[in-house]
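Structure first, then comments.
Nothing here was measured: the structure is a model prediction, and the numbers come from that model. Atoms within a ligand are numbered from 1 in the order they appear, just like the ligands themselves.
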Amino acid sequence: MLDILRSIVQEVNSATDLRSAMEIVVERVQKALGSSACAIYQLSASHRHFVLRAARGLNQESVGKVRLKLSEGLVGLVGTRAEPLNLDEASLHPNFQYFPETGEEKFHSFLGVPVIHHRNVLGVLIVQDKEAHQFDEQTESFLVTLASQLAVVLAHANATGAMRLIQQTGKKRHVTFEGGAGAPGVAVGEVVVIYPLADLDAVPDKHIENIEDELAFLVKAVRKVKRDIRAVSIKLSSNLGVEERALFDVYMKILDDTALTGEVVALIKQGQWAQGALRNVIETHVKAFNLMDDPYLRERASDIRDLGRRILSYLQETQREKREFPEHTILIGEELTPADLGAVPKGRLAGLVTLRGSRNSHIAILARAMEVPTVVGIDIPYKQMDGIQLIVDGYQGKVFPNPPPELRQHFDAVIREEKAMERGLEALADLPAETLDKHRTPLRVNTGLLSDVARSLERGAEGVGLYRTEVPFMMTDRFPSEKQQREFYREQLEAFAPYPVTMRTLDVGGDKELPYFPIKEENPFLGWRGIRITLDHPEIFLVQVRAMLEASAGLDNLRIMLPMISNVTEVEEALHHIHQAYYEVREEGFDVIMPPVGVMVEVPAAVYQARELAQRVDFLSVGSNDLTQYLLAVDRNNSNVADLYHAFHPAVLKALRSVVNHAHLENKTVSICGELAGDPAGAILLMAMGYDELSMSASNILRVKAAIRSITMKRAKELLEEVLQIDSADVIQTCLNQALAEIGLETIDTRIH
Ligand code: PEP
Ligand code: MG
């Protein structure tokens, strides 16, 4: 059964659109189970009907015609109850409804299972038999297993089909893909697909005009692969038997113009670029081999793949992206890295879309800092999207490919509204973040990129609450030297002096990887991260701290902060190193003072030991991004659980309040540098809890300042008490939205009415 299941899923995976995916399912399931009929009913786009979409054993004319209301018939019952229904005599069931056009009167037994994706019923898969019998348990569990896997494939095929339809019908159709809101803002631009090199599956489609060039690239690449094969065959000839030597001949034949290469040429002539044409041809052959019953022939799939990969690497070598970035570039990729963003020339990056990740992934944080509208965790057929026009709605987490003119007009109006709002906020830059009853809270910024500095200063930031030192480390191809680091750090310290600059020691691991220091772990967020790495590598830690101290000479505005602390020993060891570096640097003649040192509270253990930690350092700073993920056991990077990640979860709010209270018992200041501080409602609650400083991305400073300046501390404290009585994050969010509306804070609404 497992083999059959695997092969059906594999076949369905290779379908180019939803319709053929469904055809494959009904055909293969009916055959595998030997049932009289098999059919799929799909939930209609309006969510009002189930429509018969594919069938075997039923009259084909009824496909597309039979439709049932949601609660109608046995199909409706399976869909609404979201559970299987197994009947030996379907006609005796009170919900039974007969559709003469299907010709199903000859069937007695019925087994239906729902197809569910992320809690949504997409359709119902049924099998029927002429004999009146209950389907056995094995058949039922087979169908349930198949439906659960099909749900993902069908959802994806649905998206791919929608994309094809837009390509065929041009701008006449309006299709929306929905993901998560990564960074607010609306962008209109042209898609550039980012894909990893040397990976056939990742190659996107691309339409080309210059067919001759592509053909020349292909010929050259194939010639080089043939040369390599010949060389290997000669080198190994004395050690190889006849059979193995024959294999090399087979490879050469496959590469002939009449075989594989010829097929790639044909696709290029239709306007596909060489890499995309190669991917298509290899995929088709690999699939065909994979479906063969003979294990020897199945193995040949890997030979074809290998040849494909070799040709691809030569193609990529010659075609090495002399990548053109359009004026309004929208990058789309499975995952995007800071280096991908850095490759786009200044001023051209309009928007980002990533298939993985969620709102709290570091790429989304970076996008917010750079004010680039972003959608994350979206299931979208991105390989077909290179070069198309796209609207990115970073407020609602939606994208609209090839938008029709009315949609463009709608979003152009949103962009104008955004600009007007920005202009209104700019007037606040030089005013303090002070409540109506005169309570002041310093607003600091989170920085990493150099571009953050100018933006922060323009908006009146009072220093840096979190400098993510790993960001400049990600831009180099090896650990930066002490001198290089001193230069990065000096720039930050000088730009903000005399305000403090809080530098966090290197925080890599989790989802932050240095290309030259790869860490492969099963469970990276619970693994070797932050301080755990730097304490294991004192040479890295000491060089970094020395560079920070040296950079602070004469400015004296440095603060050092330790990430991912989960016990007091780590703090003591880190302090020991910092003191060592301090004495060394002074001895070497730098006139520096010992900077305040702080601990980040970002794991639950640190919440419960906040007081003990505060006794050992000068300040605490809460990293609410990680604290939320660890308290709620929700990977901040995983789009499957993004809905469960909620910084207004009552448990998170209670933990945040407990940290301030404990730090204040030790007379230590406590700040917060997670994304919550940059949310106007979050900022109001944190201020009411007693947080001494709020640190956020420069893009949020003015909005948070507007919120603080529109409320009294008295009202903020009342609001805090109100929300602390509520036991649900969603209700808290609604209550806060209402409070913001009452104080007259404007928000952008991108919905189409
Ligand atoms: C945090 O975890 O809240 C934090 C500020 O650090 P980062 O987002 O860089 O992990
Ligand atoms: Mg963190």
Side-chain angles (χ1 to χ4, degrees), residues 182-183 337-338 357-370 374 376 443-449 452 464-474 501-514 519 524-534 559-566 570 598-607 610 613 619-638 642 645-649 652-653 655-656 659-660 670-679 682-683 686 691 693-700:
T337 63
S358 75
R359 200 190 134 64
N360 297 290
S361 306
H362 283 96
I363 199 70
I365 294 178
L366 197 62
R368 287 200 285 280
M370 293 169 72
T374 298
V376 290
L443 300 190
R444 312 216 197 274
V445 273
N446 297 347
T447 59
L449 301 166
D452 293 332
V464 176
L466 164 64
Y467 172 50
R468 290 188 165 95
T469 58
E470 59 278 5
V471 177
F473 274 60
M474 285 175 187
V501 173
T502 314
M503 297 200 173
R504 175 169 76 183
T505 59
L506 188 65
D507 185 22
V508 286
D511 66 338
K512 286 181 286 194
E513 195 178 310
L514 298 176
I519 304 165
F525 278 116
L526 298 185
W528 208 37
R529 276 196 75 180
I531 198 75
R532 301 172 181 181
I533 295 182
T534 45
R559 304 199 299 183
I560 295 180
M561 186 158 84
L562 310 168
M564 274 297 287
I565 293 289
S566 58
E570 286 167 339
V599 156
M600 283 191 81
V601 176
E602 43 187 354
V603 301
V607 173
L613 295 169
F619 65 95
L620 297 186
S621 181
V622 178
S624 55
N625 307 337
D626 277 315
L627 185 58
T628 305
Q629 89 161 334
Y630 293 125
L631 274 176
L632 305 183
V634 176
D635 177 347
R636 64 192 267 191
N637 222 11
N638 182 341
Y645 185 104
H646 215 311
F648 291 128
H649 190 295
V652 177
L653 295 182
L656 291 171
V659 174
V660 195
V670 50
S671 91
I672 177 153
C673 56
E675 292 297 293
L676 184 62
D679 177 284
L686 294 163
Y691 276 83
E693 298 167 10
L694 305 177
S695 189
M696 63 203 71
S697 143
S699 52
N700 290 329

*asked:* Inside 2.8 Å of the Mg ion (ligand 2) but strictly below it, how many protein N/O/S atoms are present?
replied: 2
Report the part of [X] (side chain from C-beta onward, or backbone N, CA, C, O) that has a heavy atom under 4.0 Å from ligand 1; answer both or neither where that applies.
X: M564; value: neither
X: E675; value: neither
X: M561; value: neither
X: N360; value: neither
X: I365; value: side chain

*Name all residues meeting the salt bridge (Lys or Arg N to Asp or Glu O under 4.0 Å) criterion together with R368; count only those two or more places apart in sequence or in a different chain, and write none if there are none.*
E675
*Would you check whether R636 reaches within less than 4.0 Å of ligand 1, judged by its heavy atoms?*
yes
Heavy-atom pair with the smallest gap, counting every atom of [X] and [Y]:
X: L676; Y: A647; answer: CD1-CB, 3.9 Å
X: S697; Y: V445; answer: C-CG1, 4.5 Å
X: C673; Y: S621; answer: SG-OG, 3.4 Å
X: S358; Y: A364; answer: O-CB, 3.8 Å
X: P563; Y: R504; answer: CB-CD, 3.7 Å
X: V660; Y: V670; answer: CG1-CG1, 3.7 Å

Those atoms of ligand 1 less than 4.0 Å from some heavy atom in [X]:
X: L466; answer: 5 (C)
X: G674; answer: 3 (O)
X: K512; answer: 9 (O), 10 (O)
X: G623; answer: 1 (C), 2 (O), 3 (O)
X: C673; answer: 5 (C)

*Output the distance between atom OG1 (T628) and atom CD (E602), rounded to the nearest 0.5 Å.*
10.5 Å
*Gap separating the CE atom of M561 from the OG atom of S671, nearest 0.5 angstrom*: 6.5 Å
*side-chain contact (heavy atoms from CB on, under 4.5 Å) between T505 and T469: does it pass, once the steps are laid out?*
CA-CA 6 Å; T505 59; T469 58; 5.7 Å; no
*Starting from atom 6 (O) of ligand 1, locate the nearest protein heavy atom and write down its residue, its atom name and how far away it is, to 0.1 Å.*
R504 NH1, 2.9 Å
*Nearest non-hydrogen protein atom, atom 7 (P) of ligand 1*: H362 NE2, 3.2 Å
_Ion pair check, R636 and D511, cut-off under 4.0 Å_ = no
*Under-4.0 Å salt bridge between E693 and R559*: yes
*Residues D507, R468; criterion salt bridge (charged side-chain N to carboxylate O under 4.0 Å, His left out); working and verdict*: CA-CA 8 Å; D507 185 22; R468 290 188 165 95; over 6 Å; no
*For atom 4 (C) of ligand 1, which of L676, N625, V471 has the closest heavy atom?*
N625
